[in-house]
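Heavy atoms only: backbone and side chains are in, while hydrogens, waters and symmetry mates are out.
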Amino acid sequence: MNTSDTQKVQPQTFLFEGKVTGSYEAIKSFLNRFSHINRFQNVTTFSLGTKDSGNKEALVGTLEATIKIQYGYLKDKPVVSALNLAFLKEGKPFDFAFVQSMKQDATQLDPLTRTSSGKANPFQ
């Protein structure tokens with residue numbers, strides 16, 4: 001086996017910085033979507049407070065969140081094809097005897113019968 005195939009892969013990162021303004025529920029929903037992104041993530045900075053503006057009456061209930069999230073990902077790396085495995089190169093046919101015996105056993109099961117004992121729904 002080639003040792004370059006088993007070397008540790010170092011993750012790459014990028015930083016998201018942003019501010020979100022809105023109600024508590026809107027900010028919570030927005031940040032909840034970020035937390036479900038399929039990437040490694042590390043929240044480095046988060047703050048939540050009232051929006052600082054001269055027009056206080058227009059912004060009642062409006063908050064501002066500032067967040068910095070570091071995301072990680074792995075660069076694409078070529079992998080060894082399964083077609084290059086030694087047992088596939090031998091050209092021998094696969095042995096499906098086990099599969100045939102499973103099919104035979106599955107067709108020889110006794111049918112299930114409904115009995116009148118017990119509750120129809122055990123969770124009631």
Side-chain angles (χ1 to χ4, degrees):
M1 178 179 274
N2 188 350
T3 57
S4 65
D5 293 337
T6 59
Q7 290 178 348
K8 185 177 180 181
V9 177
Q10 294 296 324
Q12 305 297 309
T13 60
F14 65 93
L15 187 65
F16 168 82
E17 295 183 49
K19 288 186 179 185
V20 180
T21 304
S23 67
Y24 174 79
E25 290 79 17
I27 292 172
K28 179 180 171 184
S29 174
F30 178 79
L31 296 176
N32 186 39
R33 284 187 235 143
F34 265 98
S35 70
H36 289 89
I37 292 175
N38 289 332
R39 296 220 180 266
F40 302 114
Q41 49 188 299
N42 178 25
V43 176
T44 58
T45 304
F46 176 77
S47 66
L48 180 66
T50 57
K51 182 165 174 57
D52 187 23
S53 177
N55 189 358
K56 298 288 184 187
E57 290 183 18
L59 299 172
V60 173
T62 301
L63 300 173
E64 181 176 80
T66 304
I67 191 161
K68 289 183 183 180
I69 306 173
Q70 185 178 24
Y71 287 100
Y73 64 97
L74 299 175
K75 285 189 173 183
D76 287 342
K77 181 181 178 194
V79 295
V80 177
S81 171
L83 298 175
N84 291 329
L85 296 175
F87 75 93
L88 291 175
K89 289 182 178 182
E90 293 173 6
K92 295 180 183 176
F94 289 112
D95 181 11
F96 287 101
F98 176 74
V99 175
Q100 293 301 328
S101 70
M102 290 296 291
K103 282 183 181 179
Q104 182 179 359
D105 292 345
T107 58
Q108 294 177 355
L109 294 175
D110 292 331
L112 296 175
T113 57
R114 186 177 182 134
T115 62
S116 61
S117 63
K119 295 181 179 181
N121 184 347
F123 299 102
Q124 289 181 338

Residue list, salt bridge (charged side-chain N to carboxylate O under 4.0 Å, His left out) with Lys68, at least two apart or on another chain:
Glu17
List the steps, then state whether side chain to side chain contact (heavy atoms under 4.5 Å, CB included) holds for Thr62 with Thr21.
CA-CA 7 Å; Thr62 301; Thr21 304; 3.4 Å; yes
Tell me whether Tyr24 at atom OH has more than 12 heavy atoms from other residues, nucleotides or ligands lying less than 6.0 Å away.
no
If you take all heavy atoms of Ala65 and Ile27, which pair is closest and at what distance?
CB-CG2, 3.7 Å
Once rounded to the nearest 0.5 Å, what's the spacing between atom CG of Leu31 and atom CD1 of Ile67?
5.0 Å
Hey, what do you get for NZ (Lys28) to OG (Ser23), rounding to the nearest 0.5 Å?
11.0 Å
Return yes when atom CZ of Phe40 has more than 12 non-hydrogen atoms of other residues, nucleotides or ligands closer than 6.0 Å, and no otherwise.
no
Rounded to the nearest 0.5 Å, how far does CZ of Phe14 lie from CD1 of Ile69?
9.5 Å
In the hydrophobic cluster built from side-chain contacts under 4.5 Å, what are the other members alongside Leu15?
none
Are any side-chain N or O atoms of Ser101 and backbone N or O atoms of Phe98, one a donor and one an acceptor, separated by less than 3.5 Å?
yes
Rounded to the nearest 0.5 Å, what separates atom CD in Gln41 from atom OH in Tyr71?
4.5 Å
Restricting to ring-ring contact (aromatic ring centres under 6.0 Å, His included), what partner residues turn up for Phe96, sequence neighbours left out?
none
